[in-house]
Protein chains: 2
Amino acid sequence: MKLKEFAKQLGLSPTTVSRALSGYPEVSEKTRKRVAEEAVRLGYRPNINAVRLVTGRAGAIGVVMGRNEFQFCEFMSGMAERLDSEDIDILVSPVADQDMKAELQLYSRLATSGRVDAVIIHSPKPNDERILLLHKLGIPFLVHGRSETNVPHAWLDIDNEGAIRRATSHLLDLGHRRIALINGRDGLTFTLHRDKGYREALEQRGLPFDPRLVTHGQFTDEIGFRSARSFLEQSLRPTAFVAGSMMTALGVYRAVRSVGLVVGQDISVIAHDDVFPYLTADNMVPSLSTSRSSLRAAGARLADLTLQLITGRPATEIHELWPVELILRESTGPAPDA
Amino acid sequence: MKLKEFAKQLGLSPTTVSRALSGYPEVSEKTRKRVAEEAVRLGYRPNINAVRLVTGRAGAIGVVMGRNEFQFCEFMSGMAERLDSEDIDILVSPVADQDMKAELQLYSRLATSGRVDAVIIHSPKPNDERILLLHKLGIPFLVHGRSETNVPHAWLDIDNEGAIRRATSHLLDLGHRRIALINGRDGLTFTLHRDKGYREALEQRGLPFDPRLVTHGQFTDEIGFRSARSFLEQSLRPTAFVAGSMMTALGVYRAVRSVGLVVGQDISVIAHDDVFPYLTADNMVPSLSTSRSSLRAAGARLADLTLQLITGRPATEIHELWPVELILRESTGPAPDA
DNA sequence: ACAGGAATTTAAAACGATTTGGATCGTACA
DNA sequence: TGTACGATCCAAATCGTTTTAAATTCCTGT
């Protein structure tokens with residue numbers, strides 16, 4: 001059913017009907033109500049593509065998905081939750097991991113194709129080309145994470161630095177002196193922030209920083225396992241691990257067991273938990289101490305902020321830094337006697 | 001840059017330019033080439049919303065994402081891989097798990113809003129209301145999984161029945177007689193198929209089916225753990241587990257260890273693996289025997305089939321059943337002596 | 001040189017909404 | 001009574017393409 005036909009059935013002009021449905025003020029309350037009711041009864045819905053053409057809005061937010069990111073679904077779920085009351089879709093484009101050229105091209109296509117009103121950038125670097133590109137192309141965008149890139153941009157991030165500082169500090173409080181950090185991919189801002197938090201905790205006690213106790217890599221069980229194994233094989237092995245993700249922690253647990261040690265007794269573990277419904281720190285054996293921040297909530301909020309950005313709120317106003325909880329469970333305990 | 005302006009610069013009519021770019025035959029090769037080159041040079045790209053309005057195509061495929069599905073990202077990645085050469089987007093809508101009413105409403109909105117050209121249905125039931133609804137609404141759709149719903153529909157599925165039959169058979173070959181099955185959510189076709197495969201393997205040996213050895217539930221580590229624990233606490237405990245997913249298997253491993261037994265020795269485990277880059281069966285300790293089928297490949301193929309469906313291939317022609325590999329690793333071994 | 005037909009090209013009509021700039025209707029006030 | 005003004009409503013222009021139907025150009029064979 002088209003607007004013209006629907007309007008005729010109501011005995012009104014298309015103009016009035018359109019206005020009534022879009023909430024413009026120059027239509028009487030009585031008419032608006034009647035239009036709304038009849039629209040439901042007759043099942044009239046504006047053709048979305050016509051609306052998009054004439055308004056110039058795309059009605060969608062673009063997100064670029066790396067190939068190996070298990071976190072992505074959770075984030076998107078959050079976005080979608082917030083968006084489903086609006087008439088805004090989520091458009092997903094995939095890109096091969098660590099292929100910056102392909103990724104830039106993709107963003108460029110996305111921005112110029114008019115398919116999306118805004119895009120979201122994940123895992124930025126301190127100096128991120130994508131941010132420069134999108135700024136230059138003039139499309140609204142939001143950064144999930146932080147960057148030092150020298151153009152104004154909106155961002156939302158969690159306090160990675162504080163999270164890891166506190167986790168490390170807590171392990172130090174428990175008497176651990178050799179603490180290994182299995183961090184994220186090198187060069188990304190959040191990885192750097194976590195490195196920084198780790199060092200700060202050491203510095204606060206006047207303890208030296210040993211680069212042999214830190215590794216970088218993707219958040220997979222395999223990397224968690226390998227890193228932990230190689231740490232445990234060092235002559236002076238660490239007594240505690242700070243792991244970058246739940247998947248990493250799985251690998252760490254395995255590595256610890258594989259050398260005949262016990263998590264929570266011989267080796268303490270704290271991991272960062274993005275809160276997944278299908279893999280919970282509480283259910284691990286022993287239950288896993290975590291720094292926790294809901295990725296789903298971040299997705300929802302980021303969607304919200306994106307809507308604000310689209311409707312004109314200046315990007316320079318949009319900066320949110322979320323605190324991270326530290327939740328202690330059984331995987332952390334006092335350092336064993338040396 | 002608009003078509004009109006671009007055409008004027010070329011000294012051609014909009015019609016010819018449009019045709020040249022869309023590959024219609026009634027334009028000379030020389031002109032086509034010139035138009036294509038100039039389009040790149042001047043950066044002309046048709047306004048996507050205008051195209052969509054006039055052609056009536058939405059240029060997007062809709063997928064509905066349940067909240068707790070970690071598999072989803074992997075599937076979507078596959079779809080996206082196939083789609084990124086086409087001018088077709090993926091539109092993601094979330095829905096609360098197990099809320100069929102909300103889900104039906106969502107599909108209905110999706111189908112009538114004109115935002116998508118086709119939708120994909122996941123995890124169907126033998127008698128699936130969504131299939132009936134979409135058929136009634138007349139929008140093209142593809143089912144990932146199978147259904148006995150009595151309307152013609154396209155589908156792609158893996159051979160769940162055969163996979164679990166073979167896994168169970170193999171455990172029987174190894175001498176196991178009490179084999180527990182930790183299956184998926186009750187009522188879904190793939191769950192029923194897996195149940196069936198399990199029973200068939202038993203029947204083939206003339207062994208009785210014991211319903212106390214089968215549980216149903218979501219694919220989470222928690223459910224894996226709880227189910228396995230309760231099995232292991234039975235007076236006559238099973239010596240082998242067939243687990244529905246990698247997450248489930250994580251829980252099973254934990255449960256086995258928590259009662260002081262050893263996977264691969266006291267207890268054999270086979271799980272179904274959808275092939276995730278961040279959690280691999282090979283890296284588990286002991287490495288996990290799996291029935292394996294790439295979810296990413298399924299996503300890519302399903303995207304492909306969806307394109308075919310949209311361009312007119314009859315749904316009744318589109319039926320694919322994929323075989324599942326059985327990969328034996330260290331988690332399976334001969335049954336311990338009774 | 002010219003008819004006939006194929007190969008190109010084009011003008012103009014969709015597609016289905018929003019929005020601009022007026023029109024109409026009542027009501028209140030001088 | 002006439003005017004001004006606010007409250008409603010409407011006709012027509014517009015968004016940027018594709019596509020239909022018709023016009024033009026270019027060959028080819030006689």
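This is a predicted model, so every value here is computed, not measured. A, B, ... follow the sequence lines: proteins, then strands. Residue 1 opens every chain.
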Ring centres under 6.0 angstrom apart (B/Tyr107, B/Phe141):
no
Around atom CD of A/Glu129, are there more than 12 heavy atoms from other residues, nucleotides or ligands closer than 6.0 Å?
no
Given atom CD of A/Glu5 and atom P of C/dC15, what is their separation to the nearest angstrom?
12 Å
Axial bend angle, the helix from C/dA1-D/dT30 to C/dA30-D/dT1: five-pair end segments, nearest 10°
50°
What do the steps show when you test A/Thr31 against A/Ser28 for side-chain hydrogen bond (donor to acceptor under 3.5 Å, both in side chains), and what is the final call?
CA-CA 5 Å; A/Thr31 318; A/Ser28 76; 2.5 Å; yes
List the steps, then state whether side-chain hydrogen bond (donor to acceptor under 3.5 Å, both in side chains) holds for A/Thr16 with A/Ser13.
CA-CA 5 Å; A/Thr16 306; A/Ser13 76; 3.2 Å; yes
5'-most to 3'-most nt of DNA chain D touching chain B (<4.0 Å, heavy-atom partner on protein side) reads D/dG16 to D/dA21
Could you list all the side-chain hydrogen bond (donor to acceptor under 3.5 Å, both in side chains) pairs where at least one residue sits in residues 48-64 of chain B, not counting sequence neighbours?
B/Arg52-B/Asp89
Are any of the side-chain heavy atoms of A/Lys8 and A/Lys2 separated by less than 4.5 Å?
no
Passes ring pair (Phe, Tyr, Trp, His ring centres under 6.0 Å), A/Phe70 versus A/Phe276? Steps please.
CA-CA 10 Å; A/Phe70 62 94; A/Phe276 305 106; 5.3 Å; yes
Under the ring pair (Phe, Tyr, Trp, His ring centres under 6.0 Å) rule, collect the residues that match up with A/Phe75, sequence neighbours excluded.
A/His122, A/His144
Residues in salt bridge (charged side-chain N to carboxylate O under 4.0 Å, His left out) contact with B/Arg32, at least two apart in sequence or another chain:
B/Glu29
Under 4.0 Å between any heavy atoms, over every strand shown, what does B/Ile48 touch: base, sugar-phosphate, or nothing? Just pick one.
nothing
Quick one: what's the B/S/- string for nucleotides 16-22 of chain C, heavy-atom cutoff under 4.0 Å, read 5' to 3'?
BBBBBB-
